Trainee: 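Just passing along the structure, written as structure tokens.
If you're wondering where the values come from, they're calculated on a predicted model, not measured in any experiment. In what follows, every heavy atom counts, from backbone to side chain, and hydrogens, waters and symmetry copies are set aside.
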Amino acid sequence: QVQLVESGGGLVQPGGSLRLVCSVSGGTVSRYTVAWFRQTPGKEREFVAAVRRNGGHTYYTDSVKGRFTVSRDNAKNTLTLQMIGLKSEDTSVYYCAASGTNILSSTRIPGSYAYWGQGTQVTVSS
């Protein structure tokens with residue numbers, strides 16, 4: 001059973017940086033499409049970034065391009081989201097997710113992911 005545990009969330013001022021890490025156990029991270037989603041109260045879970053299982057191609061939602069970087073460390077079995085230039089609208093609970101599929105069209109869809117972490121809160125505020 002694949003288990004995902006996020007860490008690294010917290011409170012940061014606008015323009016600041018945070019690094020989220022998702023530790024993967026019970027499976028090899030390179031064999032999954034792994035992604036970050038975020039969700040605020042009353043809103044649907046939103047795709048942020050992903051690394052596909054084959055080839056390691058990365059994908060981002062438009063609002064974070066140029067500010068967030070997603071990467072996979074096969075040796076450490078982790079997924080990382082480096083966030084810079086944070087804005088108040090980035091405030092959310094961030095979730096790590098893993099999927100055994102490799103269908104490009106499903107990369108941004110939460111329902112395509114079978115495994116989820118518990119989430120970590122990111123708050124951007126002065």
Side-chain angles (χ1 to χ4, degrees):
Q1 180 76 8
V2 175
Q3 293 186 324
L4 310 173
V5 178
E6 303 96 338
S7 61
L11 173 64
V12 63
Q13 293 186 343
S17 302
L18 277 177
R19 181 172 175 265
L20 305 183
V21 178
C22 175
S23 298
V24 180
S25 61
T28 303
V29 68
S30 60
R31 295 186 178 182
Y32 295 87
T33 291
V34 283
W36 290 97
F37 288 80
R38 62 188 180 187
Q39 188 170 23
T40 54
K43 294 187 176 181
E44 294 186 352
R45 193 161 293 190
E46 174 191 23
F47 170 79
V48 177
V51 182
R52 287 183 65 197
R53 60 179 287 183
N54 291 342
H57 298 292
T58 57
Y59 302 87
Y60 298 91
T61 192
D62 286 346
S63 63
V64 308
K65 285 181 181 177
R67 300 188 298 122
F68 290 12
T69 302
V70 65
S71 60
R72 184 181 68 194
D73 189 324
N74 294 339
K76 294 182 179 179
N77 220 34
T78 59
L79 177 72
T80 297
L81 185 68
Q82 180 67 51
M83 306 183 291
I84 65 172
L86 283 161
K87 305 175 181 180
S88 58
E89 51 263 44
D90 295 317
T91 295
S92 191
V93 177
Y94 284 71
Y95 297 90
C96 175
S99 169
T101 65
N102 192 41
I103 301 173
L104 178 59
S105 61
S106 67
T107 300
R108 301 168 186 262
I109 302 173
S112 301
Y113 292 80
Y115 307 103
W116 291 86
Q118 82 288 351
T120 185
Q121 176 71 46
V122 171
T123 302
V124 184
S125 176
S126 56

Trainee: Measure the NZ-OG1 distance between Lys65 and Thr69 for me, rounded to the nearest 0.5 Å.
Mentor: 13.0 Å
Trainee: Any chance you could measure Asn74, atom CG, to Arg31, atom CZ, to the nearest 0.5 Å?
Mentor: 11.0 Å
Trainee: Is there a path from Val64 to Val124 through hydrophobic residues (I, L, V, M, F, W, Y) whose side chains come within less than 4.5 Å of each other?
Mentor: yes
Trainee: Hey, what do you get for CD (Gln121) to OG1 (Thr40), rounding to the nearest 0.5 Å?
Mentor: 9.5 Å
Trainee: For Arg67, look at atom CZ and say whether over 12 heavy atoms of other residues, nucleotides or ligands are found less than 6.0 Å away.
Mentor: yes
Trainee: Would you indicate whether Glu89, at its atom CD, is surrounded by more than 12 heavy atoms from other residues, nucleotides or ligands within a distance under 6.0 Å?
Mentor: yes
Trainee: Give every residue pair that meets the ring-ring contact (aromatic ring centres under 6.0 Å, His included) criterion with at least one member in residues 17-59, sequence neighbours excluded.
Mentor: Phe37-Phe47, Phe37-Tyr113, Phe37-Trp116
Trainee: Kindly indicate whether the side chain of Arg38, heavy atoms from C-beta on, has any atom under 4.5 Å from the side chain of Asp90.
Mentor: yes
Trainee: Output yes when a side-chain donor or acceptor of Thr123 lies under 3.5 Å from a complementary backbone atom of Thr91, and no otherwise.
Mentor: no
Trainee: Can you check whether Val122 reaches Leu20 side chain to side chain, under 4.5 Å on heavy atoms?
Mentor: yes
Trainee: Test side-chain contact (heavy atoms from CB on, under 4.5 Å) on Ser30 and Arg72 and set out the steps.
Mentor: CA-CA 8 Å; Ser30 60; Arg72 184 181 68 194; 4.2 Å; yes
Trainee: With a 4.5 Å heavy-atom cut-off, do Leu79 and Val21 have their side chains touching?
Mentor: no
Trainee: For Arg19, give me all partners under salt bridge (charged side-chain N to carboxylate O under 4.0 Å, His left out), at least two apart in sequence or on another chain.
Mentor: none
Trainee: Any heavy-atom pair between the side chains of Val29 and Val34 that's under 4.5 Å?
Mentor: yes
Trainee: NZ of Lys87 to OG of Ser63: how many Å apart, nearest 0.5 Å?
Mentor: 8.0 Å
Trainee: Identify the heavy atoms of Leu81 and Ala49 that sit nearest to each other, and give their distance.
Mentor: CD1-CB, 4.2 Å
Trainee: Ignoring hydrogens and angles, tell me if any N or O in the side chain of Ser92 forms a donor-acceptor pair with the backbone of Tyr94 under 3.5 Å.
Mentor: no
Trainee: Donor-acceptor pair, Ser106 side chain versus Ser112 backbone, under 3.5 Å?
Mentor: no
Trainee: For Tyr60, does its backbone N or O pair with a side-chain atom of Arg108 as donor and acceptor, under 3.5 Å?
Mentor: yes
Trainee: Assigning hydrophobic clusters by single linkage (Ile, Leu, Val, Met, Phe, Trp, Tyr; side-chain heavy-atom cutoff under 4.5 Å), is Val51 placed with Val2?
Mentor: yes
Trainee: Keeping Thr33 on the side-chain end and Thr101 on the backbone end, is there a donor-acceptor pair under 3.5 Å?
Mentor: yes
Trainee: Hey, could you give me the OG/CG distance between Ser125 and Leu86, rounded to the nearest 0.5 Å?
Mentor: 12.0 Å
Trainee: So does Thr28 get a backbone contact from the side chain of Asn77, meaning a donor-acceptor N/O pair under 3.5 Å?
Mentor: no
Trainee: Determine yes or no for a side-chain-to-main-chain donor-acceptor pair under 3.5 angstrom, with Arg52 supplying the side chain and Thr58 the backbone.
Mentor: no
Trainee: Would the distance check show the side chain of Glu6 and the main-chain N or O of Gln118 forming a donor-acceptor pair, the cut-off being under 3.5 Å?
Mentor: yes
Trainee: Following the transitive rule for hydrophobic clusters with a side-chain heavy-atom cut-off under 4.5 Å over Ile, Leu, Val, Met, Phe, Trp and Tyr, establish whether Leu4 and Leu18 coincide in one cluster.
Mentor: yes
Trainee: Using the rule that two of Ile, Leu, Val, Met, Phe, Trp, Tyr join whenever any of their side-chain heavy atoms come within less than 4.5 Å, decide whether Tyr95 and Val24 are in one cluster.
Mentor: no
Trainee: Can you measure from CD (Gln3) to OG (Ser25) and round to the nearest 0.5 angstrom?
Mentor: 4.5 Å
